[in-house]
Undergrad: 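Quick one: the structure is below, questions incoming.
Whatever order the structure lists them in is the order used to number ligands and atoms, beginning at 1.
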Amino acid sequence: MNDQKIFHFLNAFGRTEEIAEWKPFGHGHINDTFLLRTNGNVAPDFILQRKNHLVFKDVPGMLNNIVSVTDHIRKKLVAGGETEPDRKVMNYLAATDGNHHVQDEDGNFWTLFLYIRDSHGIEEVTDSDQAYSAGKAFGQFQLQISDMDGTALVETIPGFHNGKLRFQQFLDAISNDKAGRCSAMTQETDQLLQRADEMLQLQNWLDEGKLPLRITHNDTKINNILYDKAGHILCIIDLDTVMPGTILFDFGDAIRTLGNSAAEDEADTRKIYFQTDYFVAFTSGYLSESNKFLTRLEKESLVYSCRYMVWEQTIRFLTDYLNGDTYYKISYPEHNRVRTLSQLGYLKVLETNAAAMEKCVAQYLVL
Ligand code: GN1
Ligand code: MG
């Protein structure tokens with residue numbers, strides 16, 4: 001990156017603001033991100049981001065998803081009297097040709113969106129209030145887009161959380177045994193296979209139309225929520241995987257990280273226990289917003305969705321291990337094996353806690 005390129009991109013987006021300084025921004029593993037600051041508080045600051053088109057094969061489709069969702073939310077905010085909509089929803093800017101991206105000479109896709117000043121994310125939940133507000137933030141986000149037509153958006157990554165597809169990829173990895181690691185993983189493989197019938201139920205419900213296809217976020221980690229200086233929620237960010245799905249993906253994936261006392265790759269499985277307080281707080285925040293629009297089956301499947309998302313993540317890690325580590329970045333040779341054991345450990349913890357979790361959800365549920 002250099003000053004000339006920054007100027008070139010701003011120009012292509014029709015922006016005339018003078019940039020006082022720019023620097024790389026955030027710790028994303030997928031996209032390249034730069035913060036562009038202007039002088040004073042009148043002109044906006046910007047985020048310039050190169051979208052990784054090796055991971056996201058249809059960047060214009062992805063941007064169309066993002067703009068559809070953010071426009072929808074912005075209209076509602078404004079109609080509701082919101083005076084600072086650009087702090088409450090991401091604002092992706094259009095280039096002078098009307099697209100929401102500009103391509104460089106190497107074919108890379110660059111996007112520009114407004115930077116939300118005086119905002120921050122958190123990496124880990126450390127108290128129940130944070131867990132409650134995280135639940136509320138994701139519930140609110142889903143509520144805002146609950147009246148959108150799920151089929152209008154493209155699948156940014158086809159079959160991203162499709163259990164049948166993930167399971168087939170797992171079976172293929174077992175039969176191909178590319179890295180010769182299968183025989184060392186038979187115990188774990190068997191335990192995951194044993195649970196397949198229960199876990200494939202979710203995709204069956206989707207295929208049969210029993211679960212509504214909605215727009216979902218699909219990466220509901222806590223660090224994808226922005227807070228202001230006072231700790232109030234501003235908005236949900238990282239909308240790259242926004243696409244059709246079931247809200248169960250988002251609820252389950254949030255608990256995959258927030259409910260686990262340990263990291264997803266903790267090697268010592270004795271350190272893995274269920275953070276009941278955070279689960280209770282998250283669920284109550286989440287349902288305070290989402291009780292209004294969730295169907296009965298969605299509500300009754302919240303606890304199941306936590307096990308589903310952890311099972312899916314476990315087979316994704318094991319699939320990658322059996323394939324010889326081709327998808328996830330690894331920090332050491334056995335990383336995917338450790339991730340598999342760790343997530344399998346957490347799955348068992350969730351199974352042990354299932355009845356207690358159901359009881360807790362029932363407290364906040366309005367059927
Ligand atoms: C990947 O790169 P990151 O951490 O945002 C993956 C998620 C997994 C996660 C597991 C596009 O997300 O689905 O849950 O790793 N994203 C993609 O750590 O595959
Ligand atoms: Mg992400």
Undergrad: Show which atoms of ligand 1 fall inside a sub-4.0 Å distance from at least one heavy-atom site of Asp219.
TA: 5 (O)
Undergrad: I'd like to know whether ligand 1 has Arg339 as a neighbour, heavy-atom separation below 4.0 Å.
TA: no
Undergrad: If you measure from the Lys or Arg side-chain nitrogens to the Asp or Glu carboxylate oxygens, is any gap between Arg214 and Glu298 under 4.0 Å?
TA: yes
Undergrad: Which residue pairs satisfy the salt bridge (charged side-chain N to carboxylate O under 4.0 Å, His left out) criterion with at least one member in residues 338-347, sequence neighbours excluded?
TA: none
Undergrad: Show which side-chain atoms of residues 80-95 pair as donor or acceptor with protein atoms under 3.5 Å away, not counting sequence neighbours.
TA:
| residue | atom | partner | partner atom | Å |
| --- | --- | --- | --- | --- |
| Glu82 | OE1 | Lys88 | NZ | 3.3 |
| Glu82 | OE2 | Glu84 | N | 2.9 |
| Asp86 | OD1 | Asn91 | ND2 | 3.0 |
| Arg87 | NH1 | Arg117 | O | 2.8 |
| Arg87 | NH2 | Arg117 | O | 3.0 |
| Tyr92 | OH | Lys51 | NZ | 2.9 |

Undergrad: Hey, does Glu264 come in under 3.5 Å of ligand 1, counting only N/O atoms on both sides?
TA: yes
Undergrad: For the residue pair Tyr304 and Trp205, does the interplanar ring angle fall in the parallel (under 30°), tilted (30 to 60°) or perpendicular (over 60°) class?
TA: perpendicular
Undergrad: Check whether any N or O atom of Arg316, backbone or side chain, sits under 3.5 Å from an N or O atom of ligand 1, and answer yes or no.
TA: yes
Undergrad: Backbone or side chain, does any N or O of Gln313 fall under 3.5 Å from an N or O of ligand 1?
TA: yes
Undergrad: Identify, by atom number and element, the atoms of ligand 1 in contact range of Tyr327, meaning under 4.0 Å from any of its heavy atoms.
TA: 11 (C), 17 (C), 19 (O)
Undergrad: Short list, please: which atoms of ligand 1 are under 4.0 Å from a heavy atom of Tyr328?
TA: 15 (O)
Undergrad: Heavy atoms only: which of Arg256, Lys329, Lys221 is nearest to atom 3 (P) of ligand 1?
TA: Lys221
Undergrad: Could you walk me through whether Phe160 and Phe249 pass the ring-ring contact (aromatic ring centres under 6.0 Å, His included) test, one step at a time?
TA: CA-CA 10 Å; Phe160 192 49; Phe249 296 155; 8.7 Å; no
Undergrad: Any Lys/Arg nitrogen of Asp207 or Lys164 sitting under 4.0 Å from an Asp/Glu carboxylate oxygen of the other?
TA: yes
